[in-house]
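Quick caveat: nothing in here was measured; it's all calculated off a predicted structure. First listed ligand is number 1; within each ligand, the first listed atom is number 1.
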Amino acid sequence: MQTKSIQVKGLQKSYKQLQVLKGVDFEVEKGSIFALLGSNGAGKTTVVKILSTLLKPDSGTVSVNGFDVAAKPDNVRQAVSLTGQFAAVDEVLTGRENLIMIAKLRHLKYPRQVADDLLKRFGLTDAANRKTSTYSGGMRRRLDIAMSLVGKPQLIFLDEPTTGLDPEARIETWKIVKELSDGGTTVFLTTQYLEEAEQLADRIAILHEGRIIAGGTLEELKKLFPPAKVEYVEKQPTLEEIFLAIIGKKEAI
Ligand SMILES: Nc1ncnc2c1ncn2[C@@H]1O[C@H](COP(=O)(O)OP(=O)(O)OP(=O)(O)O)[C@@H](O)[C@H]1O
Ligand SMILES: [Mg+2]
């Protein structure tokens, strides 16, 4: 039984002169939540695009759901779904129409039923028949994630799923991500919010200067960073402190 949903080895990618990925290695277990952290421009979206077959790697091996992305992109596409960094909803259509469109594109048998179920699950039933141009940012994001769940993909990529959301919508999205993972879906997410990774991720990887410079569970990452002692109270470092310390340490070398 294949237990890895994603296996990446020696992944390199350049845009002309700019080498963004210089040899990226990581693995993601089936059914787990994996968070890729990194600063602006670190290459997170580039990794997501390669994993979801939108972009070709220059070198290295990348397998998703047991299929090589370069050799078997169609097999990969059938198993995955992507919610990009920028919402992909069609503003002229209503929420329901957007979902029905995707369900039809995916050749599902009962597109209306699929749409209504997802609208309900994402609290969008009341807004279902409104054009999405009238939706708030949070509602759009919810619709965006709902659209990526049409057809029950085994692996879902969420590129900064909560950027621009208010705290309530963010917590709601976290709930959905946890439910997905509880249901056996593998979730690969990128985020700039370190708290998000702390809340959600089974494993975390930090992408910096083209490589994964640290990876593991939150507990393992915490061990890389000795707890600061404040008088008699032991202070646990936040992921933010760990992140900054790791990046800072690397730059000093
Ligand atoms: N199509 C492209 N052509 C040229 N350069 C690109 C292209 N796409 C991305 N880049 C550059 O590659 C680097 C990595 O970009 P990428 O979008 O993967 O980063 P990111 O980690 O997702 O950043 P952010 O947190 O801002 O979303 C950046 O320097 C970016 O300017
Ligand atoms: Mg990005």
Side-chain angles (χ1 to χ4, degrees), residues 6-28 33-62 64 69-70 73 76-77 80-89 137-138 140-142 144-145 147-148 155-166 169-170 173-174 177 186-201 203-216 221 238-251:
I6 300 174
Q7 286 174 299
V8 175
K9 239 192 170 131
L11 170 61
Q12 298 195 17
K13 179 74 192 174
S14 300
Y15 297 106
K16 300 215 174 92
Q17 256 65 285
L18 178 71
Q19 195 182 12
V20 176
L21 306 177
K22 300 177 180 168
V24 168
D25 305 287
F26 65 88
E27 293 186 336
V28 178
I33 303 178
F34 183 90
L36 186 65
L37 295 181
S39 318
N40 282 132
K44 302 180 296 297
T45 298
T46 302
V47 170
V48 168
K49 283 187 176 164
I50 291 171
L51 291 172
S52 55
T53 76
L54 295 178
L55 206 62
K56 285 195 166 61
D58 293 342
S59 61
T61 54
V62 179
V64 173
V69 289
V76 173
R77 272 178 219 141
V80 309
S81 122
L82 166 66
T83 299
Q85 187 165 3
F86 304 101
V89 302
R140 263 179 228 215
R141 209 60 190 150
R142 268 185 278 157
D144 212 19
I145 296 177
M147 282 162 65
S148 71
L155 167 59
I156 160 165
F157 295 106
L158 299 170
D159 195 3
E160 301 200 22
T162 64
T163 297
L165 295 190
D166 64 33
R170 177 167 302 148
T173 306
W174 290 353
V177 171
T186 310
V187 181
F188 181 102
L189 65 94
T190 74
T191 185
Q192 308 236 14
Y193 299 111
L194 304 172
E195 194 200 346
E196 183 156 294
E198 279 198 87
Q199 287 284 335
L200 289 180
R203 295 186 81 81
I204 297 161
I206 297 176
L207 179 62
H208 186 63
E209 291 178 354
R211 292 195 171 79
I212 302 292
I213 58 163
L221 290 177
T238 64
L239 185 58
E240 180 150 7
E241 286 167 329
I242 297 168
F243 176 80
L244 292 173
I246 290 170
I247 283 182
K249 213 192 299 173
K250 272 278 150 182
E251 276 169 352

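Ligand-side atoms of ligand 1 in range of K44: 18 (O), 19 (O), 20 (P), 21 (O), 22 (O), 23 (O), 24 (P), 25 (O), range being under 4.0 angstrom from any heavy atom. Ligand-side atoms of ligand 1 in range of L18: 11 (C), 12 (O), 29 (O), range being under 4.0 angstrom from any heavy atom. The atoms of ligand 1 that sit less than 4.0 Å from any heavy atom of N40 are 23 (O), 24 (P), 25 (O), 26 (O).
Judged by distance alone, the side chain of K49 and the main-chain N or O of L54 form no donor-acceptor pair under 3.5 Å. Judged by distance alone, with hydrogens and angles left aside, the side-chain atoms of T186 form no donor-acceptor pair with the main-chain N or O of L155 at under 3.5 Å.
For G38, no nitrogen or oxygen atom sits less than 3.5 Å from a nitrogen or oxygen atom of ligand 1, counting backbone and side chain alike. Considering backbone and side-chain N/O atoms, A42 comes within less than 3.5 Å of an N/O atom of ligand 1. Considering backbone and side-chain atoms alike, V20 places every N or O at 3.5 Å or more from each N or O of ligand 1.
Counting backbone and side-chain atoms alike, T45 contributes an N/O/S atom closer than 2.8 Å to the Mg ion (ligand 2).
Here K16 has no heavy atoms under 4.0 Å from ligand 1, in either its backbone or its side chain.
Side-chain polar atoms of T238 and E198 form no donor-acceptor pair below 3.5 angstrom.
Using cut-offs of 30° and 60° on the angle between ring planes, the pair F157 and F188 is perpendicular.
T46 pairs with exactly one of L51, L55, L11, V24 by the side chain to side chain contact (heavy atoms under 4.5 Å, CB included) rule, that one being L55.
Here the closest non-hydrogen pair linking L207 and G43 is CD2-C, 3.6 Å.
Residue contacts with ligand 1 include E160, since one of its heavy atoms falls under 4.0 Å from the ligand.
Using a 4.0 Å cut-off between charged side-chain N and carboxylate O, K13 and D58 make a salt bridge.
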